Amino acid sequence: MPFLSTLGIARPAVAAFAAMGIVWGTFAAVLPDLKAMLGVNEARLGLLMLFTPLAAVFAMLLAPGIGARLGRIALPVSTGLMALAFLLPGQTPVFWLFPLAMMCCGAATGLTDVLMNARVATMENDHKLHLMNLSHAAYSFGYAGGAISTGALRSLGWPPGWVMAAMALVALMLALLTAEKDGTIRGLGRPRDGTPGHLGLIPVIGGGIVLIAFLTENAAENWSALHIEQSLGGSPTQGAMGPAALALTMGFARLAGQGLAARIAPVVLLRGGALISACGALAAAAALTPAMAYAGFIVMGIGSSVIAPTAFSLVGRLADPQARARAVARATLLGYFGYFFGPPTLGVIAGAFGLRMAFVFAAVMLLMVLVLTPILALAERRAAAAG
């Protein structure tokens, strides 16, 4: 199918992924200014951000029920709430208010993430297309756009509140594009006849792989600007290019992965991606200049780009069709423990041992994918034999 036709089918999910990328790319690039606004060090900032996953996990647990009740407007509502939530962190210079603002961001992001991944899984099944890489590419491009725009606005002297408000408005406009005539995400609610009630290990193992991918990916995106500016003496513009380089690379690599997913075995993609990404993380840790760090982030982005989409797609494909949305929601919940706990975890490591060691930790975590892929491969073989 032509690319534009595929993009048209995936448009609602692509818009939601892009909106999420914009708000988090903005947050990552404006993080040095937020840190200065609050007057805290890396370790304290990491602890303040630790409140974010608490709200996110709670929202993710409620997401299937909320999505089932909202019906076809579930994705537009959640995406709009996410955009509005990211107005708040830049408006909270008071120390104790910042965690509350981040909890709003976490809750709205958690809700949106479950719903948009479940929507893509439904689209893939309905249209027999690979759409997960394309949707996640939209997140990466949105992230890069948010980071680059933020770097430009910071260079003009915009305060963090203005920057985040401007980019939240862009995300809000994208939320309007998520609306569709029939956007109901089927399979979110529990079946009333009692079948199928057990999701099995597939979303657990797949979610574990996504957890590692998002822990390292989001942590690198959030702390790369600080690494370039503080460890390597880069300017704010150079710092903003750190997460932008990683995100742009992942975006183009995911577009390429759209085709690779149909030609290469998923387990091979997972293993190769983990190894390449780990090498990139180690290169970023050992960098002596911003240019060397960019090279590490690019390699890291190439490897990481295929891990989460491939795992999500496998979960959707291997799960019982009547429980597909709930299985993807379960994997999303597990995976986004990494998304939200990654940045504060690396913040604590950076505060204790330095930012370089934080990226070494990211490399070690990526190698754990090699331990989990054989288990998922076994589940795939069993599902193929049963089919």
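One is the number of the first residue; the rest follow in order along the sequence. Note that the structure is predicted; figures quoted are calculated from it, not measured. Atom set for the values below is all heavy atoms of this structure, side chains included, hydrogens, waters and symmetry mates excluded.
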J.: Please determine whether residues Met357 and Leu282 belong to a single hydrophobic cluster, defined as Ile, Leu, Val, Met, Phe, Trp and Tyr linked transitively by side-chain heavy-atom distances below 4.5 Å.
T.: yes
J.: Taking all atoms of both residues into account, what is the closest heavy-atom pair of Ala63 and Leu115, and its distance?
T.: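 Scanning both residues completely, I find the closest heavy atoms to be O-CD2, 3.9 Å.
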J.: More than 12 foreign heavy atoms under 6.0 Å from CZ of Arg44: is that the case here?
T.: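 At most 12 heavy atoms, drawn from other residues, nucleotides or ligands, come within 6.0 Å of this atom.
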J.: Within this structure, what is the CG-OG1 distance for the pair Leu176 and Thr178, rounded to the nearest 0.5 Å?
T.: 7.5 Å
J.: Cluster question for you: counting only ILVMFWY and a side-chain heavy-atom cut-off of under 4.5 Å, with indirect links fine, are Met49 and Phe58 together?
T.: yes
J.: Keeping Thr109 on the side-chain end and Cys105 on the backbone end, is there a donor-acceptor pair under 3.5 Å?
T.: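 Answer holds: yes.
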J.: How are the rings of His136 and Phe17 set relative to one another: parallel (under 30°), tilted (30 to 60°) or perpendicular (over 60°)?
T.: tilted
J.: Working note: Leu62 + Leu111, criterion side-chain contact (heavy atoms from CB on, under 4.5 Å); need CA distance, chi angles, decisive distance, verdict.
T.: CA-CA 8 Å; Leu62 298 177; Leu111 176 63; over 6 Å; no
J.: Could you state the interatomic distance from OG1 (Thr79) to CG (Asp113), rounded to the nearest 0.5 Å?
T.: 10.0 Å
J.: Mind checking whether Trp162 and Trp158 have parallel, tilted or perpendicular rings, split at 30° and 60°?
T.: perpendicular
J.: With the side chain counted from C-beta on, respond yes when Arg356 and Leu232 share a heavy-atom pair under 4.5 Å apart, and no when they do not.
T.: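 A side-chain contact exists here, since the closest heavy-atom pair is under 4.5 Å.
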J.: Using links of under 4.5 Å between side-chain heavy atoms of ILVMFWY residues, direct or through other members, which residues join Leu370 in one cluster?
T.: Leu275, Leu367
J.: Show your reasoning for whether side-chain contact (heavy atoms from CB on, under 4.5 Å) applies to Ile307 and Leu270.
T.: CA-CA 5 Å; Ile307 299 176; Leu270 290 173; 4.1 Å; yes
J.: Compare every heavy atom of Phe312 with every heavy atom of Met132, then report the nearest pair and how far apart it is.
T.: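 The pair with the smallest heavy-atom distance is CE-CB, 3.7 Å.
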J.: Count I, L, V, M, F, W, Y as connected when their side-chain heavy atoms are under 4.5 Å apart, and connections chain through other members. Are Ile349 and Val40 then in the same cluster?
T.: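 Ile349 and Val40: one cluster.
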J.: With a 4.5 Å heavy-atom cut-off, do Met123 and Ser135 have their side chains touching?
T.: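 Met123 vs Ser135: side chains apart.
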J.: Less than 4.5 Å apart, any side-chain heavy atom of Arg119 and any of Pro12?
T.: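 In short, these two side chains do not touch, never coming nearer than 4.5 Å.
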J.: If you apply the rule side-chain contact (heavy atoms from CB on, under 4.5 Å), what do you find for Val210 with Leu334, and how did you get there?
T.: CA-CA 8 Å; Val210 176; Leu334 295 174; over 6 Å; no
J.: Once rounded to the nearest 0.5 Å, what's the spacing between atom OG1 of Thr310 and atom CD1 of Ile209?
T.: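 It comes to 9.5 Å.
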J.: Quick one, Phe98 and Leu38 - any side-chain contact, counting heavy atoms below 4.5 Å?
T.: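 Yes, at least one pair of side-chain atoms sits under 4.5 Å.
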J.: Under the salt bridge (Lys or Arg N to Asp or Glu O under 4.0 Å) test, which residues partner Arg154, sequence neighbours left out?
T.: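 If we apply the salt bridge (Lys or Arg N to Asp or Glu O under 4.0 Å) test to Arg154, skipping adjacent residues, the hits are Asp33, Glu229.
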J.: Are the side chains of Ile66 and Val77 in contact, using a 4.5 Å heavy-atom criterion?
T.: no
J.: Tell me, please, which residues at least two apart from Phe141 pass ring-ring contact (aromatic ring centres under 6.0 Å, His included).
T.: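 Phe252.
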J.: Would you confirm whether Ser78, through its side chain, and Leu75, through its main-chain N or O, come within 3.5 Å as a donor-acceptor pair?
T.: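 Between the backbone of Leu75 and the side chain of Ser78 there is a qualifying donor-acceptor contact (under 3.5 Å).
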J.: Restricting to ring-ring contact (aromatic ring centres under 6.0 Å, His included), what partner residues turn up for Phe353, sequence neighbours left out?
T.: none
J.: Can you tell me if Arg271 uses its side chain to pair, donor with acceptor, with the backbone of Val369 under 3.5 Å?
T.: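 Checked: no pair found.
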J.: Return the minimal non-hydrogen interatomic distance between Ala329 and Pro64, and the atom names on each side.
T.: CB-CG, 4.2 Å
J.: With no hydrogens and no angle check, is any side-chain donor or acceptor of Arg254 less than 3.5 Å from a backbone partner on Ser305?
T.: yes
J.: Please work out whether the ring planes of Phe297 and His227 are parallel, tilted or perpendicular, with thresholds of 30° and 60°.
T.: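 Perpendicular: the ring planes of Phe297 and His227 meet at over 60°.
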J.: If you draw a 6.0 Å radius around CE in Met368, do more than 12 non-hydrogen atoms from other residues or ligands fall strictly inside?
T.: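 No.
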J.: In Å, rounded to the nearest 0.5 Å, how long is the span from CD1 of Ile22 to CG of Leu172?
T.: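 Ile22 CD1 to Leu172 CG: 11.0 Å, rounded to 0.5 Å.
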J.: Is any side-chain heavy atom of Phe27 closer than 4.5 Å to one of Met102?
T.: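 Heavy-atom side-chain distance check passes, below 4.5 Å.
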J.: Considering non-hydrogen atoms only, spot the tightest contact between Ser304 and Leu366 and give its length.
T.: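 Heavy atoms only, the tightest pair is OG-CD2, 4.4 Å.
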J.: Taking Ile302's backbone N and O only, do any of them form a donor-acceptor pair with Thr249's side chain (distance below 3.5 Å, no angle check)?
T.: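 Answer holds: no.
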J.: Could you tell me which non-hydrogen atom of Cys104 sits nearest to which non-hydrogen atom of Ala85, and how far apart they are?
T.: O-CB, 3.7 Å
J.: Linking directly or through intermediates, with side-chain heavy atoms under 4.5 Å: list the remaining ILVMFWY members grouped with Leu288, chain and number order.
T.: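 Met292, which link up through side-chain heavy atoms under 4.5 Å apart, make up the rest of the cluster.
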J.: Of all residues at least two apart in sequence or in a different chain, which pass the ring-ring contact (aromatic ring centres under 6.0 Å, His included) check with Tyr294?
T.: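 Scan of Tyr294 (ring-ring contact (aromatic ring centres under 6.0 Å, His included), adjacent residues dropped) gives none.
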J.: Under the side-chain contact (heavy atoms from CB on, under 4.5 Å) rule, what do Ile212 and Leu372 come out as? Steps first, then yes or no, please.
T.: CA-CA 10 Å; Ile212 293 171; Leu372 293 176; 4.0 Å; yes
J.: What distance separates Arg330 CZ from Leu61 CG, expressed to the nearest 0.5 Å?
T.: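 Nearest 0.5 Å value for the CZ-CG distance: 9.5 Å.
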J.: Are Leu87 and Leu48 connected into the same hydrophobic cluster when the rule is that any two of I, L, V, M, F, W, Y join if their side-chain heavy atoms are below 4.5 Å apart?
T.: no
J.: With clusters defined by side-chain heavy atoms of hydrophobic residues (ILVMFWY) lying less than 4.5 Å apart, directly or transitively, does Leu88 cluster with Leu100?
T.: no
